[in-house]
Amino acid sequence: MTPPDAARPAEPLSRAELRRYARPLMVPEWLDAGAQERVRAASVLVVGAGGLGGPVIAGLAGAGVGELVIADGDTVDVSNLHRQLLYATPDVGRGKAAVAAARAQAINPFVRVRTLGFLDGPALAGLVGQVDVVVDATDNFEARYAVADACMAANRVWVWGAAAGTTGMLSVFGPGPDGGRLGLRDLFPTPDGAESCAEAGVLGPVPNVVGHLMALEVLKVLGGVGRSAWGELWTWDALAGRERRLRLRAPAATPGA
């Protein structure tokens, strides 16, 4: 998949950045693609800073994404702590976005971080058009559909994941490498049978595994390396240790569109 910032001139990394990113720069595919510079020039909106969003935020901050925009209007609850590892017991009652931003800055001071609360439709639509990639780390279908609709309207790539109980799912939506477009509504037209972690429970490592893979998908899209999960639905059964990749087909374009 072509990185969103492919046309931007990439400034050379400073000596301090070269030291910080020495290990990824040893990976030939990453170095040869100029991926680190592309990632440094990019902006990412992460909607949701919970069990999925936490590892995404930590992973992208460590990787050196230029700007992280963290949107979450929730506060830390003691029931979050077994899985939401950005937070600790003293953070209970504090706003997740603010705590997550502080953790991201502590991980990597080169990353610019902005925080927002819950995003309504117009605010979300306006913000999606200003970033390179969106991450849907929400935990309910109302929010997921809102993110999906905003990204489809802006023709923006977004990384989507879900985790509940002992299972996880992941995909990449939006414009694809072959010119097609896939959206969440193509996969899940209705939310029938979907449950949140509050309803189904969840084992702590499950959303962390999915969240780290979501961060990897963002880096592949931004860096222009590897093959993204666009056009696939990755599913994982944690107890059975079994994963599957299901091929997705973009809907046919409407004549005259």
Side-chain angles (χ1 to χ4, degrees), residues 1 44-63 68 70-72 74 76-77 79-87 96 100 133-148 151 157-174 176 182-222 226-249:
M1 182 175 288
V44 178
L45 168 63
V46 182
V47 186
L52 296 171
V56 171
I57 291 164
L60 296 183
L68 282 175
I70 303 171
D72 195 310
D74 201 3
V76 179
D77 186 84
S79 66
N80 301 148
L81 300 180
H82 80 288
R83 68 190 185 281
Q84 298 183 17
L85 303 182
L86 279 186
Y87 312 119
K96 287 184 179 179
V133 172
V134 177
V135 177
D136 178 1
T138 59
D139 63 356
N140 66 84
F141 264 88
E142 181 180 358
R144 290 169 182 162
Y145 286 144
V147 173
C151 289
V157 171
W158 80 99
V159 176
W160 171 89
T166 61
T167 62
M169 292 186 289
L170 176 149
S171 191
V172 176
F173 295 117
L182 273 169
L184 182 66
R185 291 184 186 273
D186 298 317
L187 181 60
F188 297 111
T190 65
D192 294 344
E195 292 182 304
S196 68
C197 291
E199 297 165 324
V202 64
L203 294 184
V206 175
N208 281 279
V209 169
V210 177
H212 283 297
L213 290 175
M214 292 168 70
L216 179 60
E217 290 299 320
V218 173
L219 295 178
K220 288 194 290 183
V221 171
L222 293 177
R227 188 187 75 177
S228 84
W230 189 91
E232 295 181 338
L233 174 66
W234 176 84
T235 67
W236 178 50
D237 182 332
L239 292 189
R242 184 183 303 116
E243 63 176 311
R244 298 177 63 195
R245 288 182 179 269
L246 307 177
R247 293 295 301 168
L248 306 177
R249 180 176 297 179

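- Shortest non-hydrogen contact noted between Tyr145 and Arg185 is CB-NH2, 3.4 Å.
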After noting the C-alpha distance and the side-chain angles of Leu248 and Leu187, does the key distance pass the side-chain contact (heavy atoms from CB on, under 4.5 Å) rule?
CA-CA 8 Å; Leu248 306 177; Leu187 181 60; 3.8 Å; yes
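- Under the 4.5 Å side-chain criterion, counting only non-hydrogen atoms from C-beta, Val133 is in contact with Leu222.
- The distance from atom NE2 of His212 to atom CE of Met214, rounded to the nearest 0.5 Å, is 11.5 Å.
- Scanning for side-chain hydrogen bond (donor to acceptor under 3.5 Å, both in side chains) contacts around Trp236 gives an empty result, with sequence neighbours left out.
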Check step by step if side-chain contact (heavy atoms from CB on, under 4.5 Å) holds for Val147 and Leu184.
CA-CA 9 Å; Val147 173; Leu184 182 66; over 6 Å; no
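- Two residues are said to be in side-chain contact when any heavy atoms from C-beta on lie closer than 4.5 Å; Thr235 and Glu243 fail this criterion.
- Taking the side chain as every heavy atom from C-beta outward, Val172 and Val218 never approach each other to under 4.5 Å.
- Taking each heavy atom of Ala238 and Val206 in turn, the nearest pair found is CB-CG2, 3.9 Å.
- Here the shortest heavy-atom pairing between Cys151 and Trp158 reads CB-CE3, 3.2 Å.
- Qualifying salt bridge (charged side-chain N to carboxylate O under 4.0 Å, His left out) partners for Arg244, counting only residues two or more places apart in sequence or in other chains: none.
- Looking at every heavy atom in both residues, Gly168 comes nearest to Val210 through CA-CG2, 3.8 Å.
- Counting only distance, with no hydrogens or angles, the side chain of Glu217 and the backbone of Ser171 share no donor-acceptor pair below 3.5 Å.
- Among residues two or more places apart in sequence or in another chain, the side chain to side chain contact (heavy atoms under 4.5 Å, CB included) test is passed with Ala162 by Arg144, Trp160, Met169.
- Remark: Arg245 pairs with Glu232 by the side-chain hydrogen bond (donor to acceptor under 3.5 Å, both in side chains) rule, at least two apart or across chains.
- Between the Asp72 side chain and the Ala49 main chain, a donor and an acceptor come within less than 3.5 Å of each other.
- Looking at residues two or more places apart in sequence or on another chain, you find no side-chain hydrogen bond (donor to acceptor under 3.5 Å, both in side chains) involving Thr166.
- For Ala58, the side chain to side chain contact (heavy atoms under 4.5 Å, CB included) partners two or more places apart in sequence, or in a different chain, are Leu86, Ile107.
- Distance check: Phe141 CZ to Phe188 CZ gives 5.0 Å after rounding to the nearest 0.5 Å.
- Annotation: side chain to side chain contact (heavy atoms under 4.5 Å, CB included) contacts of Gln84 (sequence neighbours excluded): Asn80, Tyr87, Lys96.
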Take Ile57 and Ile70 through the side-chain contact (heavy atoms from CB on, under 4.5 Å) test and state the conclusion after the steps.
CA-CA 8 Å; Ile57 291 164; Ile70 303 171; 3.9 Å; yes
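- When all heavy atoms of Ala163 and Leu52 are compared, the closest pair comes out as CB-CD2, 4.2 Å.
- Leu85 pairs by the side chain to side chain contact (heavy atoms under 4.5 Å, CB included) definition with Asn208, not counting sequence neighbours.
- Leu60 and Ala215 make their closest contact through CD2-O, 3.8 Å (heavy atoms, listed as atom of the first residue, atom of the second, distance).
- At distances below 3.5 Å, at least one donor-acceptor pair connects side-chain atoms of His82 with backbone N or O atoms of Val202.
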Under the side-chain contact (heavy atoms from CB on, under 4.5 Å) criterion, do Val56 and Val159 qualify, and how do the steps go?
CA-CA 10 Å; Val56 171; Val159 176; over 6 Å; no
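- Asp136 pairs by the side-chain hydrogen bond (donor to acceptor under 3.5 Å, both in side chains) definition with Thr138, not counting sequence neighbours.
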